[in-house]
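Handing you a structure now.
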Number of protein chains: 2
Amino acid sequence: MHLDHIDRSSKLPLYHQLYEILRDHILRGEWQPGDMIPPESELTERYQVSRTTVRQVLDMLVNENLIYRQQGRGTFVAHPTLDQTLVRIVSFTEDMRQRGFEPGTKVISSDLVSAPADIAQRLEIQPGEELARLKRLRLADGEPMSVEESYLVHRYCPGVLQGDYASHPLRRALESDYGIRLVRAKQVIRALPTPSDLGRMLSMRPAKSALLYIERVSYSQQDVPVEFLRIYYRGDRYALYSELHE
Amino acid sequence: MHLDHIDRSSKLPLYHQLYEILRDHILRGEWQPGDMIPPESELTERYQVSRTTVRQVLDMLVNENLIYRQQGRGTFVAHPTLDQTLVRIVSFTEDMRQRGFEPGTKVISSDLVSAPADIAQRLEIQPGEELARLKRLRLADGEPMSVEESYLVHRYCPGVLQGDYASHPLRRALESDYGIRLVRAKQVIRALPTPSDLGRMLSMRPAKSALLYIERVSYSQQDVPVEFLRIYYRGDRYALYSELHE
DNA sequence: TAGTGGTCTAGACCACAAA
DNA sequence: TTGTGGTCTAGACCACTAA
């Protein structure tokens, strides 16, 4: 069981503590999509904070699309949607499950390389600094879906490449072994023609071949760039979704 | 000058009215990016609402990335960013200006067609119903950037095709002539190989040719689907940006 | 020190949904 | 009618920035 009460002597704001608590309940699946969460009155009572503070926290969760409210009925855990991929950091595994695929991973290679200028610039390090490089083939229902090339600043996570990243998430290793949580990221999305080597790896038919290409830089809690990631998705299997407003 | 006061007898909530007012100031450019907006105390005073209400409105604007706050300094108008394209409905003109290009448009064709099944389904109309179709070539600094194919439910905007949409925005015509505001949209983003006809229109080199393809359904104030849009962006000139969080 | 935004409270009344 | 979320107020004290 996780921490489930508010520490009045903590320096963290009450709303922040309550946010972590409620978010945890949802992300750990203790409250399932569609479930009603306790009414505001009960949260006020249980955590001994004002209704305003409770509502501030619920507003944050609504903004993240983790919950939704219905006047007169209650507040409910939201069902995950595909457009989250463009707003929240979502693991390949989660993403595929939401799309109705069974995810799989094969490690293509892992090695240490020295940082080329373009990657060094985005990771805010010196060119030539040591990077851990991990290439993986990602599968959906056993069929190739994407190729991922991860570059990690090795200084922050020496020895990462020891891990088995076919069956264990890289993010989890970073967190548990090095205390690094990737909390923020910036990405660029492009369409590319398919180079023949990638086409082969992804088992693509040349005629239908284009790649949805993503470059992502991920930042730690301390706002330090830690990972540079290239993802090549099969254009004939993968799409991104988003909702727009005025 | 636009309405700049709050109507206490209106059925609209105070925060909603204030939101429209402040948003207007920003979107009309009366407050420029980087400008400090009036402090909360002054807004409280000027519009005669509580600070809580003022802050509720500012929170909304912060969430839309229209303003940002700095404790101890003030609240400022945000500079537009490229990742807005994935969250807010942005006109081609605005988008290109933000990217540092001078936008241009050529109308390729405009005609009435009967709705094919796939489009009818997304527009929630009967197959065969009349659609206004508008094809345009979009230019950036005089060079082709994208091809857009717009399908409008003609019943909602009879005679739209009379307009000159090389120099006048389609959105404006819908609003002023038919009272239709497209306030919400859903889109899907894919990578496509370049068909030869589009490649020619976009002046693309075959070797570097992939398209970033977007399909968008836009909804009116009444949540009725009005427009189905296909955009084919040159993959070698156009990219999308997004920021992710945990 | 003065002015700004950040956090928090207690309480009121309204609107809507379900029994 | 009861219980839920929606809107709004007045006021307090804190934290940070700049002069």
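Here is the naming used below: chain letters follow the sequence lines, and residue numbers restart at 1 for every chain. Model, not experiment: these values are computed from the prediction.
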Practice task
On DNA chain C, check which nucleotide each of A/Leu14 and A/Arg51 is closest to and give me the residue with the more 5' one.
Solution key: A/Leu14
Handout entry: Phosphate OP1/OP2 of D/dG5 contacted by A/Arg73 side-chain N/O (<4.0 Å)
Key = no
Fill in the blank from the handout: Here the distance between atom P of C/dC16 and atom CD of A/Glu40, to the nearest Å, is 16 Å
Handout entry: Distance in angstrom units between B/Tyr68 OH and C/dG6 P, rounded
Key = 13 Å
Handout entry: Step-by-step side chain to side chain contact (heavy atoms under 4.5 Å, CB included) determination, A/Arg155 to A/Glu130
Key = CA-CA 7 Å; A/Arg155 176 161 43 99; A/Glu130 197 172 58; over 6 Å; no
Completion exercise
Of A/Gln70 and B/Arg69, the one whose closest nucleotide on DNA chain C sits nearer the 5' end is B/Arg69
Problem - Residues in side chain to side chain contact (heavy atoms under 4.5 Å, CB included) contact with B/Arg172, at least two apart in sequence or another chain - result: B/Pro169
Exercise for the section: Kindly point out which of C/dT9, C/dT4, D/dG5 is positioned nearest to the side chain of B/Ser41? Expected result: C/dT4
Problem - Contact under 4.0 Å: B/Thr53 side-chain N or O vs D/dT9 OP1/OP2 - result: yes
Practice task
Return no unless some side-chain N or O of A/Thr75 is found under 4.0 Å from OP1 or OP2 of D/dG5.
Solution key: yes
Handout entry: A/Arg69 and A/Arg55, any side-chain heavy atoms less than 4.5 Å apart
Key = yes
Fill in the blank from the handout: Whichever of A/Gly72 and A/Thr52 has the more 5' nearest nucleotide on DNA chain D, that residue is A/Gly72
Fill in the blank from the handout: note: A/Asp59, atom CG; C/dT7, atom C1'; distance rounded to Å ~ 15 Å
Exercise for the section: Could you tell me the separation between the CZ atom of A/Arg55 and the P atom of C/dC13, rounded to a whole number of Å? Expected result: 18 Å
Exercise for the section: Would you please confirm or rule out a distance under 4.0 Å between OP1 or OP2 of C/dT9 and any side-chain N or O of A/Arg8? Expected result: yes
Fill in the blank from the handout: B/Glu45 CD to C/dG3 C1', in whole Å, measures 15 Å
Exercise for the section: Check every atom of D/dC8, C/dA15, D/dT9 against the side chain of A/Gln71 and return the nucleotide holding the closest atom. Expected result: C/dA15
Practice task
Would you mind classifying the nucleic acid contact of A/Leu58 as base, sugar-phosphate or nothing, using non-hydrogen atoms under 4.0 angstrom?
Solution key: nothing
Problem - Distance, rounded to the nearest Å, where B/Tyr15 contributes OH and D/dT9 contributes C1' - result: 16 Å
Practice task
With the side chain of B/Ser50 defined as its heavy atoms from C-beta on, choose the nearest nucleotide among D/dT7, C/dC8, D/dT9.
Solution key: D/dT9
Exercise for the section: Could you tell me whether A/Arg136 sits above the aromatic face of A/Phe92, with NZ or CZ closer than 6.0 angstrom to the six-membered ring centre and within 45 degrees of the axis? Expected result: no
Exercise for the section: Please state how far atom CG in B/Asp35 lies from atom P in C/dT4, giving the value in whole angstrom units. Expected result: 16 Å
Practice task
Report the distance from atom CD of A/Gln17 to atom P of C/dC8, rounded to the nearest whole Å.
Solution key: 8 Å
Exercise for the section: Report yes if the side chains of A/Met96 and A/Arg99 come closer than 4.5 Å at any heavy-atom pair, otherwise no. Expected result: yes
